[in-house]
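Per chain, numbering begins at 1; letters A, B, ... match sequence-line order. Side-chain atoms are counted along with the backbone in the values below, which use heavy atoms only and exclude waters and symmetry mates.
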Number of protein chains: 2
Amino acid sequence: MSLQNALLGFLNYRPMTGYELKQTMDVSTSNFWHAKQSQIYTTLKKMEGNGLVISDVQAQDGRPDRRVYTITQTGIADLRSWLSQPVMELQARKELVLLKLFFSADEKKQALITQLQLQRDLHQRELLRYQGETKVVIQQFAAALPGGAKKALLWNATRRYGEMYEEMAIRWIDETVKLIKEEL
Amino acid sequence: MSLQNALLGFLNYRPMTGYELKQTMDVSTSNFWHAKQSQIYTTLKKMEGNGLVISDVQAQDGRPDRRVYTITQTGIADLRSWLSQPVMELQARKELVLLKLFFSADEKKQALITQLQLQRDLHQRELLRYQGETKVVIQQFAAALPGGAKKALLWNATRRYGEMYEEMAIRWIDETVKLIKEEL
DNA sequence: CGCACCATGTAATGCGTTACATGATTTT
DNA sequence: AAAATCATGTAACGCATTACATGGTGCG
């Protein structure tokens, strides 16, 4: 359901192809919302069937045709309605690493530590991305759109969430590794 | 795929019915892994077909029959293999609240603040649960199983993740609300 | 009297991933 | 010469949710 809303959100900025939508998501919302190319194509098709978007095929020379999607009035109304409805529950999470750890009482101490350190490296890399590249991308996107300052503030809030999340994850790993070393 | 492993993990402690597995998950892993009752039943059935578990129907008087599942040698081997394989990637997340916030530049300032405060209350409640009830449940479960101390340490690490996550979420909301009030 | 708990499951539908299929252009 | 990028999509499958279906026991 919410991939549709994400796509409407982007198409509300400007008309785009499925390919462009995928790329845009990858550099902006991938932190908290992602989708595969194939799912984006099938979802756009379904949305056109429901009148939320319309598509227009543009021929290109030496390149494949582009199918450009534009949001309709119905789509705009749908997006507004979705944005105005508050989220009343917490999001349920799935964390494979925690699930394994939960059942790992018989695993070797060293294997657990290695696993956690591996994850720590990954979190560290993400943290640096949020602090560097992501900040730059936000400024670029905001400069290219009307109302950029407002948008940049909110986009940066979502970036900041990613940053704080990764910092937390690293703190948790360090604390947990210490505990395993000392008390397991 | 990993619901199967979660179920194997629990059945490795003792034989259980689908109903008991659901209840056990709800008070232990629901923080980082959850499933609906119907999915648990269908998954157990599939697992029996694959030889990971066997079931035995026990008649009861005045109560519905119980189908008790027991882990097989194949199931134990499968669980061990899964536990020994490290997770090499970060988990992708989906956060509906962030997605909405990302597209909310045209929403009323007050609506955004109300939404965030609503979520703050939910996170606060979860935080208290991790600091209270969850701690107690872990002690109870650990006392009833062999190797309880080791298990309690790891279970508590997953509880601590939940606690730290909620604290982080609250900090992020407070920071974001302040930003919206002052700068939007 | 009504609600929660015990206990099982199936069917339909929707969301998401992987694999399949094609082919030119641009960069390394 | 190989890989990445541009650009489209379909088909098969698996994971997950919602709705449907049943019925007795125990508690307030």
Side-chain angles (χ1 to χ4, degrees), chain A residues 1-8 15-27 29-30 32-50 52-53 55-69 82 88-96 99, chain B residues 1-8 10 15-27 29-30 32-50 52-53 55-69 82 89-96 99:
Chain A
M1 190 82 259
S2 274
L3 174 57
Q4 291 193 23
N5 298 299
L7 297 175
L8 288 177
M16 275 190 261
T17 67
Y19 192 83
E20 286 174 307
L21 281 162
K22 167 66 173 158
Q23 287 175 301
T24 306
M25 282 184 84
D26 281 351
V27 293
T29 63
S30 62
F32 49 86
W33 210 271
H34 60 93
K36 305 272 171 180
Q37 188 72 69
S38 63
Q39 198 194 356
I40 291 174
Y41 283 129
T42 51
T43 303
L44 285 168
K45 199 177 184 180
K46 193 168 57 178
M47 288 165 74
E48 185 160 29
N50 295 336
L52 299 170
V53 296
S55 73
D56 174 46
V57 177
Q58 294 176 356
Q60 297 189 121
D61 47 304
R63 290 270 176 81
D65 293 351
R66 289 159 47 89
R67 181 177 293 271
V68 181
Y69 285 91
W82 175 73
M88 308 292 281
E89 325 80 37
L90 287 183
Q91 190 95 18
R93 283 159 291 144
K94 292 205 173 175
E95 292 281 354
L96 194 50
L99 186 64
Chain B
M1 191 76 259
S2 273
L3 174 57
Q4 291 193 22
N5 297 298
L7 297 176
L8 289 176
F10 285 119
M16 274 189 263
T17 67
Y19 191 84
E20 287 174 308
L21 281 162
K22 167 64 174 160
Q23 287 175 304
T24 307
M25 283 184 85
D26 282 351
V27 292
T29 62
S30 62
F32 48 87
W33 210 272
H34 60 91
K36 304 272 173 182
Q37 187 71 70
S38 63
Q39 197 194 355
I40 291 175
Y41 284 128
T42 51
T43 303
L44 285 168
K45 199 178 185 179
K46 194 169 56 179
M47 288 165 75
E48 185 160 29
N50 295 336
L52 300 170
V53 295
S55 74
D56 174 46
V57 177
Q58 294 177 355
Q60 296 189 119
D61 47 305
R63 289 269 176 82
D65 292 353
R66 288 158 48 89
R67 183 178 291 271
V68 180
Y69 285 91
W82 175 72
E89 326 81 36
L90 287 182
Q91 189 96 18
R93 282 159 291 144
K94 293 206 173 175
E95 293 281 354
L96 193 51
L99 186 64

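- Contact annotation for B:Glu20: no contact, since no heavy-atom pair falls under 4.0 Å across all strands.
- Put simply, CG on B:Leu21 is 15 Å from C1' on C:dC6, counting in whole angstrom units.
- For the pair A:Gln23 and D:dC6, the criterion of a side-chain N or O lying under 4.0 Å from OP1 or OP2 is met.
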Cut-off 3.5 Å, no hydrogens considered: what does the side-chain donor-acceptor table look like for residues 33-40 of chain A, sequence neighbours left out?
unit_1, atom_1, unit_2, atom_2, d
A:Gln37, NE2, A:Gly18, O, 3.2

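- The nearest whole Å value for the distance from the CZ atom in B:Arg66 to the P atom in C:dG9 is 12 Å.
- At whole-Å resolution of the value, CD in B:Gln58 and P in C:dC6 are 17 Å apart.
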Please list, for nucleotides 10-12 of chain D, all pairs of protein and nucleotide N/O atoms separated by less than 3.5 Å.
unit_1, atom_1, unit_2, atom_2, d
D:dT10, OP1, A:Lys45, NZ, 2.4

Every protein N/O within reach of nucleotides 13-16 of chain C N/O, cut-off under 3.5 Å:
unit_1, atom_1, unit_2, atom_2, d
C:dC15, OP1, A:Met1, N, 3.0
C:dC15, OP2, A:Lys46, NZ, 3.3
C:dG16, OP1, B:Lys94, NZ, 2.7
C:dG16, OP2, A:Gln39, NE2, 2.9

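- Partners of A:Tyr41 by ring pair (Phe, Tyr, Trp, His ring centres under 6.0 Å), not counting sequence neighbours: none found.
- When the shell of 6.0 Å around NZ of B:Lys94 is examined, it contains more than 12 heavy atoms from other residues, nucleotides or ligands.
- A:Leu96 places none of its side-chain heavy atoms less than 4.5 Å from the side chain of B:Met1.
- Annotation for A:Ser2 and B:Leu99: closest pair O-CD2, 3.8 Å, computed over non-hydrogen atoms.
- Contact annotation: A:Arg67 side-chain N/O to D:dG9 OP1/OP2 distance is under 4.0 Å.
- Direction of the helix axis in the helix from C:dC1-D:dG28 to C:dT28-D:dA1 shifts by 50° between the two five-pair termini, rounded to 10°.
- In this structure the side chain of A:Leu7 never reaches within 4.5 angstrom of the side chain of A:Leu52, judged on heavy atoms.
- Side-chain atoms of A:Arg66 and A:Thr17 include no donor-acceptor pair closer than 3.5 Å.
- Put simply, the side chain of B:Thr29 reaches to within 4.5 Å of the side chain of B:Phe10, judged on heavy atoms.
- Residues B:Glu48 and B:Tyr69 share a closest heavy-atom pair of OE1-CE2, 3.8 Å.
- Residues meeting the ring pair (Phe, Tyr, Trp, His ring centres under 6.0 Å) test with A:Tyr19, sequence neighbours left out: none.
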